[in-house]
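Only one structure is covered here, and it is reproduced in the block below.
Everything numeric here is computed off the predicted structure, so don't read it as measured data.
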Amino acid sequence: MEELGLRAGTPVGTSLIDAHAGGVGVMESVAVPDPEAKEDDKEAICHRLVLVCGTSTCHMAVSCSKLFIPGVWGPFWSAMVPEYWLTEGGQSATGALLDYIIENHVASPRLANRAASQNISVFELLNKILESMLQDLNSPFLAALTEDIHVLPDFHGNRSPIADPKAKGVICGLTVDTSEKQLALLYLATVQGIAYGTRHIVEHCNAHGHRIDTLLACGGLSKNPLFLQEHADIVGCSIVLPRESESVLLGAAILGAVASKKYSSLSDAMKSLNAAGQVIHPAKDPKVKKYHDAKYRIFRELYEQQLSHRLIMAQALA
């Protein structure tokens, strides 16, 4: 108390892991409450998956029952939301992977200079280039620009749901093109690869007892509209953004509000202080779903091929 300069009796909220605080700050950001849901419906929150997406991404869902899921951390009792089991998946490199892909391309310095001259981020400029290419190439939809480029984003291993630290990243479809447009396509394919990884996690969790049908996103990558739309289209779920963009800070504030007895429980505080902002819906065009289903199949095959190649080389060195 003396070191912190606090008076005796000052309430102090128990701390949380940063990603868990983000979950507390966004989990009850419901866009349109279900009119048929009861006020004390404990299952409603169990249909949501929180993406805390920055350098890496944490995928967090809660359940009323204990669910053991291979390749996914948990279940942890009351670790994030009291009286619920927490399941936590993740991708070891997401924002970090996008930075790596962009910064290691020969067109990166030119792109960075152009972005600076326009006073926008490199990501905003890449998104503008892709929109221009969509018009110039008369593509049926933006995602179709990457029909020949496929990315397995396991450049830092696979945390979930395969839990393979030896997994490697794969880029299929490279050419000698060094233009900014080629970098934009590689960037888009990497965003899609990350989103296919989230789809794999969601499908895996739902196959083991979860019923996830809504995503909630916070963190730096949630400020990128292309990243969000590709995730909505690929996973097939709407994505709810919180009204308060700094969800981790809000989660920490909620802990303080409960400690000070402003609210009787963490659940009440979350319902009062969480609020939904923008909602991103999946594309309605069935061709978009068909396209992503095909690319997702290739995404899954890239890892299976990697296992086959690993075995061939292990046998050669045996």
Would one find more than 12 heavy atoms of other residues, nucleotides or ligands at under 6.0 Å from atom [atom1] of [X]?
{"X": "H156", "atom1": "NE2", "value": "no"}
{"X": "N104", "atom1": "CG", "value": "yes"}
{"X": "K181", "atom1": "NZ", "value": "no"}
{"X": "F76", "atom1": "CZ", "value": "yes"}
{"X": "R110", "atom1": "CZ", "value": "yes"}

Salt bridge check, [Y] against [X]: does any charged N sit closer than 4.0 Å to a carboxylate O?
{"X": "D164", "Y": "R310", "value": "yes"}
{"X": "R48", "Y": "E28", "value": "yes"}
{"X": "K262", "Y": "D268", "value": "no"}

Is there a donor in the side chain of [X] and an acceptor in the side chain of [Y], or the other way round, less than 3.5 Å apart?
{"X": "T146", "Y": "K295", "value": "yes"}
{"X": "D177", "Y": "T175", "value": "no"}
{"X": "S121", "Y": "E124", "value": "yes"}
{"X": "H105", "Y": "Q182", "value": "yes"}

Given 3.5 Å as the limit, does a donor-acceptor pair link the side chain of [X] with the main chain of [Y], or not?
{"X": "Q91", "Y": "I194", "answer": "yes"}
{"X": "T94", "Y": "G54", "answer": "yes"}
{"X": "T10", "Y": "L6", "answer": "no"}
{"X": "Q118", "Y": "I120", "answer": "no"}
{"X": "D233", "Y": "H292", "answer": "no"}
{"X": "D148", "Y": "G173", "answer": "no"}

query = Listed by chain and number, what are the salt bridge (charged side-chain N to carboxylate O under 4.0 Å, His left out) partners of E88, not counting sequence neighbours?
reply =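 For E88 there are no salt bridge (charged side-chain N to carboxylate O under 4.0 Å, His left out) partners, ignoring immediate neighbours.
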task = List for me each residue that meets salt bridge (charged side-chain N to carboxylate O under 4.0 Å, His left out) alongside R297, sequence neighbours excluded, and say none if there are none.
result =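 If we apply the salt bridge (charged side-chain N to carboxylate O under 4.0 Å, His left out) test to R297, skipping adjacent residues, the hits are E301.
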Counting C-beta onward and ignoring hydrogens, is there a side-chain heavy-atom pair between [X] and [Y] closer than 4.5 Å?
{"X": "T198", "Y": "H59", "result": "yes"}
{"X": "V279", "Y": "L241", "result": "no"}
{"X": "V170", "Y": "Q305", "result": "no"}
{"X": "C58", "Y": "R159", "result": "yes"}
{"X": "L111", "Y": "I129", "result": "yes"}
{"X": "H200", "Y": "I162", "result": "yes"}
{"X": "R199", "Y": "D293", "result": "yes"}
{"X": "S65", "Y": "Y84", "result": "no"}

Where do [X] and [Y] come nearest, in terms of heavy atoms and distance?
{"X": "T87", "Y": "C205", "value": "CG2-SG, 4.3 Å"}
{"X": "I102", "Y": "S108", "value": "O-CB, 3.0 Å"}
{"X": "P11", "Y": "A259", "value": "CB-O, 3.2 Å"}
{"X": "A79", "Y": "L16", "value": "O-CD2, 3.5 Å"}
{"X": "G236", "Y": "P282", "value": "C-CG, 3.7 Å"}
{"X": "S160", "Y": "G71", "value": "OG-O, 3.2 Å"}

inquiry  = Please verify the inter-ring angle class for Y296 with Y196; under 30° counts as parallel, over 60° as perpendicular, anything in between as tilted.
reply    =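 Ring orientation, 0 to 90° scale: tilted.
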message = Is the ring pair F123/Y187 parallel, tilted or perpendicular, if the boundaries are 30 and 60 degrees?
response =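 Judged by the thresholds at 30° and 60°, the geometry between F123 and Y187 is tilted.
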[atom2] on [Y] to [atom1] on [X], rounded to 0.5 Å:
{"X": "C172", "Y": "I298", "atom1": "SG", "atom2": "CD1", "result": "7.5 Å"}
{"X": "L228", "Y": "L51", "atom1": "CG", "atom2": "CG", "result": "9.0 Å"}
{"X": "M80", "Y": "M27", "atom1": "CE", "atom2": "CE", "result": "4.5 Å"}
{"X": "L226", "Y": "L221", "atom1": "CG", "atom2": "CG", "result": "11.0 Å"}

task = Check the pair N127, E131 against side-chain hydrogen bond (donor to acceptor under 3.5 Å, both in side chains), reporting the backbone distance first and the verdict last.
result = CA-CA 6 Å; N127 292 350; E131 288 292 343; over 6 Å; no
request  = Decide yes or no on side-chain hydrogen bond (donor to acceptor under 3.5 Å, both in side chains) for H281 and S238, but give the supporting numbers first.
outcome  = CA-CA 4 Å; H281 299 286; S238 294; 2.9 Å; yes
inquiry  = Using the ring pair (Phe, Tyr, Trp, His ring centres under 6.0 Å) definition, which of the options W73, W77, F68 pairs with W85?
reply    =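 Of all the options given, the one that passes is W77.
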message = I need the full list of ring-ring contact (aromatic ring centres under 6.0 Å, His included) pairs touching residues 217-260, with sequence neighbours left out, sorted by first then second residue.
response =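 Non-adjacent pairs meeting ring-ring contact (aromatic ring centres under 6.0 Å, His included): F227-H231.
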key: N158 vs Y303, side-chain hydrogen bond (donor to acceptor under 3.5 Å, both in side chains): CA-CA, chis, key distance, verdict   = CA-CA 10 Å; N158 183 285; Y303 178 73; over 6 Å; no
